[in-house]
A.B. asks: 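This is the structure I have questions about; it appears just below.
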There are 2 protein chains.
Amino acid sequence: MQIGELARSTATKVETIRFYEKIGLLPAPARTEGNYRDYGHAHLARLSFVRRARDLGFTLDQVRALLALSDERDGSCGAVDAVARMHLAEIDRKIADLRALRRELDDLIGQCSQGSISTCRIIEALGPAEAA
Amino acid sequence: MQIGELARSTATKVETIRFYEKIGLLPAPARTEGNYRDYGHAHLARLSFVRRARDLGFTLDQVRALLALSDERDGSCGAVDAVARMHLAEIDRKIADLRALRRELDDLIGQCSQGSISTCRIIEALGPAEAA
DNA sequence: ATGCACCCTGTAGCAACTCTAGGGTCAAGG
DNA sequence: CCTTGACCCTAGAGTTGCTACAGGGTGCAT
């Protein structure tokens with residue numbers, strides 16, 4: 001399988017695959033006569049794993065850790081669980097942050113009476129805190 | 001006021017202020033004899049504006065737009081409102097995305113029975129979709 | 001005069017790709 | 001036989017928003 005096909009079947013850009021190879025996330029595949037990368041099942045499996053983990057928001061470092069763990073077929077699942085839980089906690093933090101932000105921004109927008117800039121509450125709210 | 005004081009009074013790093021100047025977000029201030037940057041009220045006001053907008057999650061490009069708008073003191077507030085609403089919509093999208101993700105990840109974690117890697121549902125779920 | 005806190009410039013690094021330039025390979029069609 | 005077009009290759013720069021050096025200069029107190 002050449003890189004384009006692998007890219008299509010994992011919804012990944014060709015450049016991204018080469019990038020993953022360069023940073024050591026994917027093993028370098030064999031090459032054809034014409035120096036084309038030649039992928040097999042194992043590569044497809046590994047790249048699928050990486051993409052799914054990325055889609056779930058894991059960082060590349062976390063993906064690297066998960067890959068290493070998944071390679072030790074008889075190690076304990078606990079470490080995997082820990083990585084996932086850590087990530088879940090992070091997501092919860094981000095959601096909370098965004099919600100707080102959303103509320104603030106919504107308040108600001110609610111105050112805009114569509115007048116001129118000089119009386120705009122949004123611009124005003126962004127200005128310095130009275131002191132300056 | 002020198003850069004350190006400006007940094008302290010806006011909770012910004014010195015390097016960040018210089019960076020904002022370099023990308024044209026802040027006007028270059030006057031210099032002292034010894035070539036130190038010398039800031040006044042206007043700079044403080046502008047940097048405060050930038051920091052607040054950034055805290056609200058606006059991108060630097062959006063901040064640039066808001067600054068330009070706020071400089072036209074008698075333009076209409078409509079454009080400002082539009083930028084803010086656009087940003088709000090984006091935040092809503094992000095929150096929704098994160099929530100979907102959270103659910104998926106939570107399901108995955110729920111299936112982990114703390115056994116060995118070879119039977120780990122998390123690792124399994126990340127693998128390829130049966131095909132490979 | 002010497003130490004220290006502060007300032008200066010310029011450059012490189014972070015995540016995680018994405019894109020471009022400038023080429024090579026391979027199969028099909030005229 | 002030769003060209004066209006789709007694909008592949010490498011190396012390097014660009015993206016966003018900073019942050020962190022390295023290697024120096026300034027200003028004030030002791």
Side-chain angles (χ1 to χ4, degrees), chain A residues 1-26 28-40 43 46-47 49-67 83 86-87 90-91 94 97-98 101, chain B residues 1-26 28-40 43 46-67 83 86-87 90-91 94 97 101:
Chain A
M1 178 172 24
Q2 54 186 44
I3 200 169
E5 196 186 334
L6 181 62
R8 274 188 300 280
S9 53
T10 54
T12 307
K13 301 219 162 151
V14 165
E15 291 91 341
T16 305
I17 297 177
R18 287 197 282 245
F19 166 72
Y20 285 164
E21 181 183 325
K22 192 158 61 184
I23 63 169
L25 209 58
L26 293 181
R31 296 291 181 120
T32 65
E33 288 279 288
N35 199 31
Y36 284 15
R37 285 174 181 81
D38 189 18
Y39 296 99
H43 291 100
R46 203 165 181 90
L47 180 54
F49 185 103
V50 171
R51 293 310 296 186
R52 297 229 195 155
R54 290 288 302 129
D55 283 351
L56 285 170
F58 287 96
T59 66
L60 287 183
D61 265 1
Q62 287 174 320
V63 175
R64 228 186 285 271
L66 288 173
L67 277 171
V83 172
M86 201 99 92
H87 184 42
E90 180 115 339
I91 290 173
K94 277 187 192 160
D97 283 357
L98 279 178
L101 209 114
Chain B
M1 180 173 21
Q2 56 186 44
I3 200 168
E5 196 186 334
L6 181 62
R8 274 187 300 279
S9 52
T10 54
T12 307
K13 301 218 164 154
V14 164
E15 291 93 339
T16 304
I17 297 177
R18 286 197 283 246
F19 167 72
Y20 285 163
E21 180 183 324
K22 191 159 60 186
I23 64 171
L25 209 60
L26 293 182
R31 297 291 181 119
T32 65
E33 288 279 288
N35 199 31
Y36 284 15
R37 285 174 181 81
D38 188 18
Y39 297 97
H43 291 99
R46 203 165 181 93
L47 180 53
S48 302
F49 185 103
V50 171
R51 295 308 296 185
R52 296 229 195 154
R54 291 287 303 131
D55 283 350
L56 285 169
F58 287 97
T59 66
L60 286 183
D61 265 1
Q62 288 173 320
V63 174
R64 226 186 286 272
L66 288 173
L67 277 171
V83 172
M86 201 100 92
H87 183 42
E90 179 115 339
I91 290 173
K94 278 187 191 158
D97 283 358
L101 210 116

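In what follows, every chain begins at residue 1, and chains take the letters A, B, ... in the order their sequences are listed.
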A.B. asks: Who pairs with Tyr36(A) by ring-ring contact (aromatic ring centres under 6.0 Å, His included), at least two apart in sequence or on another chain?
C.D. replies: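 Scan of Tyr36(A) (ring-ring contact (aromatic ring centres under 6.0 Å, His included), adjacent residues dropped) gives none.
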A.B. asks: Rounded off to whole Å, could you give me the OH-to-C1' distance for the Tyr39(A) and dC8(D) pair?
C.D. replies: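 Whole-Å distance recorded here is 11 Å.
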A.B. asks: Excluding sequence neighbours, so at least two apart, what forms salt bridge (charged side-chain N to carboxylate O under 4.0 Å, His left out) with Glu90(A)?
C.D. replies: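 Here the qualifying residues are Arg93(A).
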A.B. asks: Under 4.0 Å, heavy atoms only, any strand: does Ile23(A) hit a base, just the sugar-phosphate, or nothing?
C.D. replies: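 Result for Ile23(A) = nothing.
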A.B. asks: Who passes side chain to side chain contact (heavy atoms under 4.5 Å, CB included) against Leu56(B), sequence neighbours left out?
C.D. replies: Glu104(A), Leu108(A), Leu126(A), Phe58(B)
A.B. asks: Does Asn35(A) have any side-chain hydrogen bond (donor to acceptor under 3.5 Å, both in side chains) partners at least two apart in sequence or in another chain, and if so, which?
C.D. replies: Arg31(A)
A.B. asks: Show the atom names and distances, to 0.1 Å, of all donor-acceptor pairs under 3.5 Å that link a side chain in residues 14-23 of chain A to residues at least two apart or in another chain.
C.D. replies:
{"unit_1": "Tyr20(A)", "atom_1": "OH", "unit_2": "Arg51(A)", "atom_2": "NH1", "d": "3.1"}
{"unit_1": "Glu21(A)", "atom_1": "OE1", "unit_2": "Arg37(A)", "atom_2": "NE", "d": "2.7"}

A.B. asks: For Met86(A), check side chain to side chain contact (heavy atoms under 4.5 Å, CB included) against everything at least two apart and list the hits.
C.D. replies: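 With neighbours one apart ignored, the set is empty.
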A.B. asks: Over its full length, what angle do the end axes of the helix from dA1(C)-dT30(D) to dG30(C)-dC1(D) make, each axis taken from five pairs and the result rounded to 10 degrees?
C.D. replies: 40°
A.B. asks: Do you know which two heavy atoms are closest between Ile91(B) and Leu101(A), and how far apart they sit?
C.D. replies: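 Closest approach of Ile91(B) to Leu101(A), heavy atoms only: CD1-CD2, 3.1 Å.
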A.B. asks: For residues Ser9(A) and Met1(A), report the shortest heavy-atom separation together with the two atoms involved.
C.D. replies: OG-SD, 4.4 Å
A.B. asks: Could you list the residues that satisfy side-chain hydrogen bond (donor to acceptor under 3.5 Å, both in side chains) with Asp38(B), not counting sequence neighbours?
C.D. replies: none
A.B. asks: Mind checking which nucleotides bracket the chain B contacts on DNA chain C, 5' to 3', with an atom under 4.0 Å from a heavy atom?
C.D. replies: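 Contact span on the strand: dC6(C) to dT11(C).
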A.B. asks: For Arg64(B), check salt bridge (charged side-chain N to carboxylate O under 4.0 Å, His left out) against everything at least two apart and list the hits.
C.D. replies: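 With neighbours one apart ignored, the set is Asp61(B).
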A.B. asks: Taking NZ from Lys13(B) and C1' from dA20(D), how many angstroms apart are they, rounded to a whole number?
C.D. replies: 9 Å
A.B. asks: Which comes earlier along DNA chain C counting from the 5' end, the contact point of Ile3(B) or that of Tyr36(A), where each point is its nearest nucleotide?
C.D. replies: Ile3(B)
A.B. asks: Once each nucleotide of nucleotides 10-17 of chain D is scored for protein heavy atoms under 4.0 Å, what B/S/- sequence comes out, 5' to 3'?
C.D. replies: B------B
